[in-house]
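Before any comments, here is the structure.
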Amino acid sequence: MRGGRRLFPLLLLALLRGLCHGREPAPGAVTCGSVLKLLNTRHSVRLHSHEVKYGSGSGQQSVTGVEASDDANSYWRIRGKSDGSCQRGTPVKCGQAIRLTHVNTGKNLHTHHFPSPLSNNQEVSAFGDDGEGDDLDIWTVQCSGTYWEREDAVRFKHVGTEVFLSITGEQYGHPIRGQREVHGMPAANHHNYWKAMEGVFIKPSVDPAKHDEL
C-alpha cells in the first residue's frame with residue numbers, strides 16, 4: 001500500500017508531462033501553405049508589394065505598407081526555408097525559419113545590406129522568380145508560445161542580417177504616394193510587431209486538404 005502511494009504521484013507527473021508534450025496546436029495556429037495578409041500593429045498598414053522597383057539601392061521590387069485592407073497585392077504565402085521543410089497544413093512553430101512569397105509576383109520577402117530610401121534603415125525588397133530566390137529570403141517567426149497563433153502579434157527576424165521587419169511611418173511620394181516604407185531594424189521594438197489578418201488558412205489537420213477560407 002505504501003509503495004502504491006509513492007507510485008501514484010510519479011504516475012500523475014508522467015501523465016501531466018505527456019499531456020504537455022503531446023498537446024495539439026490550437027485551431028487558430030498559422031500553418032504552412034496558408035495565404036494571408038500581415039498587419040503592422042503599430043502603424044495599421046498591411047505588408048504589400050507590386051511591380052514597382054526601387055529607384056535606388058538594389059533596384060529590386062519594392063515592399064511597402066498600405067492602409068487598404070482589400071488590396072490584392074498584400075497576400076503572402078507561408079513556405080519553408082527549403083522545399084519540403086514546411087508541409088502544407090503544419091502549424092508554424094515559434095522560432096521556425098520560413099519564407100514569405102508574394103502571391104501576385106512570385107517573389108520572396110528579402111533584405112540585404114542596402115540602405116532603405118527614406119529612413120536609411122535596411123532595405124526590404126521582393127526577390128526571386130516563381131518563389132525561388134536565395135538564402136537572404138529566410139526569416140524566423142518570433143512569438144511567445146509554442147506555435148504562431150493568428151491572434152498573436154509576432155516579429156519576423158531576418159536570419160542572414162539579424163534585422164527585424166519594421167515600419168516607422170515614412171511615406172512615399174509618386175508613383176506610390178501614401179504607401180509606407182518597410183525596412184529592417186536591428187532592435188526589437190513596437191515598430192516590428194505583425195498580426196495575421198485576412199486570408200486562406202490551411203487548418204492544422206491530419207488531412208491537409210481541408211482549409212478554412214476567411
Side-chain angles (χ1 to χ4, degrees), residues 26 28-30 34 36-50 54 56-58 60-69 71 73-79 81 91-102 107-127 133 135-173 176-199:
V30 176
S34 293
L36 50 73
K37 295 182 179 181
L38 290 166
L39 177 76
N40 183 279
T41 60
R42 173 69 176 181
H43 298 279
S44 297
V45 292
R46 287 160 174 78
L47 188 69
H48 177 92
S49 191
H50 39 221
Y54 287 119
S56 60
S58 69
Q60 294 175 3
Q61 183 170 300
S62 58
V63 173
T64 65
V66 298
E67 292 182 353
S69 62
D71 195 310
N73 272 322
S74 299
Y75 283 110
W76 301 82
R77 184 182 303 278
I78 300 170
R79 303 170 63 216
K81 65 179 181 179
V92 177
K93 293 181 179 180
C94 296
Q96 183 170 335
I98 64 168
R99 288 178 291 178
L100 290 166
T101 302
H102 188 244
K107 297 184 183 296
N108 296 327
L109 188 70
H110 180 96
T111 189
H112 38 214
H113 293 295
F114 286 94
S116 60
L118 301 183
S119 66
N120 205 39
N121 283 296
Q122 185 165 297
E123 181 192 276
V124 170
S125 65
F127 174 77
D135 289 343
L136 293 178
D137 301 341
I138 302 172
W139 304 75
T140 57
V141 181
Q142 292 199 339
C143 43
S144 57
T146 303
Y147 297 99
W148 174 10
E149 303 286 348
R150 275 189 247 172
E151 66 270 18
D152 293 342
V154 304
R155 291 188 174 101
F156 299 99
K157 186 174 184 179
H158 191 244
V159 172
T161 64
E162 299 188 336
V163 297
F164 294 90
L165 184 68
S166 306
I167 291 178
T168 48
E170 293 82 4
Q171 295 189 25
Y172 287 105
I176 50 175
R177 184 175 303 278
Q179 296 187 23
R180 311 295 176 87
E181 181 187 78
V182 174
H183 50 248
M185 299 183 73
N189 55 48
H190 54 275
H191 295 295
N192 36 59
Y193 275 119
W194 301 84
K195 187 176 180 181
M197 299 298 287
E198 305 85 1

Show the nearest heavy-atom pair for residues [X] and [Y], with the distance to one decimal.
X      : Y      : value
Glu149 : Ala29  : OE1-N, 3.2 Å
Asp137 : Arg99  : O-CG, 3.5 Å
Asn108 : Gly133 : ND2-N, 3.7 Å
Tyr147 : Lys93  : CE2-CG, 3.8 Å
Arg155 : Asn189 : NH2-O, 3.1 Å

All ring pair (Phe, Tyr, Trp, His ring centres under 6.0 Å) counterparts of [X], not counting sequence neighbours:
X      : answer
Tyr54  : none
His191 : His43
Tyr75  : none

Does any part of the side chain of [Y], heavy atoms only, come nearer than 4.5 Å to the side chain of [X], both counted from C-beta?
X      : Y      : result
Ser58  : Glu123 : yes
Val45  : Val66  : no
Val141 : Val30  : no
Phe156 : Ile98  : yes
Ile167 : Trp194 : yes
Ser166 : His183 : yes
Asn73  : His102 : yes
Glu181 : Pro117 : yes

Residues which pass side-chain hydrogen bond (donor to acceptor under 3.5 Å, both in side chains) with [X], listed by chain and number, not counting sequence neighbours:
X      : answer
Ser69  : none
Gln179 : Thr64
Asp152 : none
His50  : His48, Ser62

Going by side-chain contact (heavy atoms from CB on, under 4.5 Å), name the residues that satisfy it together with Thr41, two or more places apart in sequence or in a different chain.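 By the side-chain contact (heavy atoms from CB on, under 4.5 Å) rule, Thr41 matches Ala153, Tyr193, Lys195.
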Distance, nearest 0.5 Å, that separates [atom1] of [X] from [atom2] of [Y]:
X      : Y      : atom1 : atom2 : answer
Leu165 : Leu38  : CG    : CG    : 8.0 Å
Asn40  : His190 : CG    : NE2   : 10.0 Å
Ser74  : Leu36  : OG    : CG    : 11.0 Å
Lys157 : Ile138 : NZ    : CD1   : 15.0 Å
Ile78  : Trp148 : CD1   : CH2   : 4.0 Å
Gln122 : Thr161 : CD    : OG1   : 4.0 Å

Item checked: Derivation of the side-chain contact (heavy atoms from CB on, under 4.5 Å) call for Asn121 and Val163 -> CA-CA 10 Å; Asn121 283 296; Val163 297; over 6 Å; no
**Candidate pair Val63 and Phe127, rule side-chain contact (heavy atoms from CB on, under 4.5 Å), full reasoning** = CA-CA 10 Å; Val63 173; Phe127 174 77; over 6 Å; no
Checklist entry - Okay, side chain of Lys37, backbone of Asp71: is any donor-acceptor separation there less than 3.5 Å? => result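 It does hold such a pair.
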request  = Please check if the side chain of Trp76 supplies one atom and the backbone of Leu47 the other of a donor-acceptor pair under 3.5 Å.
outcome  =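 Between the backbone of Leu47 and the side chain of Trp76 there is a qualifying donor-acceptor contact (under 3.5 Å).
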request  = Take His158 and Leu136, measure what side-chain contact (heavy atoms from CB on, under 4.5 Å) needs, and give me the verdict at the end.
outcome  = CA-CA 8 Å; His158 191 244; Leu136 293 178; 3.6 Å; yes
**Message:** Under 3.5 Å, is there a donor on one side chain and an acceptor on the other for Glu170 and Ser119?
**Reply:**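 Their side chains do not contain a donor-acceptor pair, so the 3.5 Å distance test is not met.
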Taking atom types as modelled and ignoring hydrogens, do the side chains of Gln142 and Thr140 form a donor-acceptor contact shorter than 3.5 angstrom?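 No pair is found: no donor N or O on one side chain lies under 3.5 Å from an acceptor on the other.
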Report task. List the steps and the verdict of side-chain contact (heavy atoms from CB on, under 4.5 Å) for Gln60 and Lys107. Result -> CA-CA 10 Å; Gln60 294 175 3; Lys107 297 184 183 296; over 6 Å; no
- Task: Tell me, please, which residues at least two apart from Arg42 pass salt bridge (charged side-chain N to carboxylate O under 4.0 Å, His left out).
- Result: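 For Arg42, no residue satisfies salt bridge (charged side-chain N to carboxylate O under 4.0 Å, His left out) once neighbours in sequence are set aside.
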*asked:* Using the salt bridge (charged side-chain N to carboxylate O under 4.0 Å, His left out) criterion, which residues pair with Arg180? Sequence neighbours excluded.
replied: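 Here the qualifying residues are Glu67.
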Residues 183-193 vs salt bridge (charged side-chain N to carboxylate O under 4.0 Å, His left out), sequence neighbours excluded, gives none
So salt bridge (charged side-chain N to carboxylate O under 4.0 Å, His left out) across residues 158-169, not counting sequence neighbours, yields none
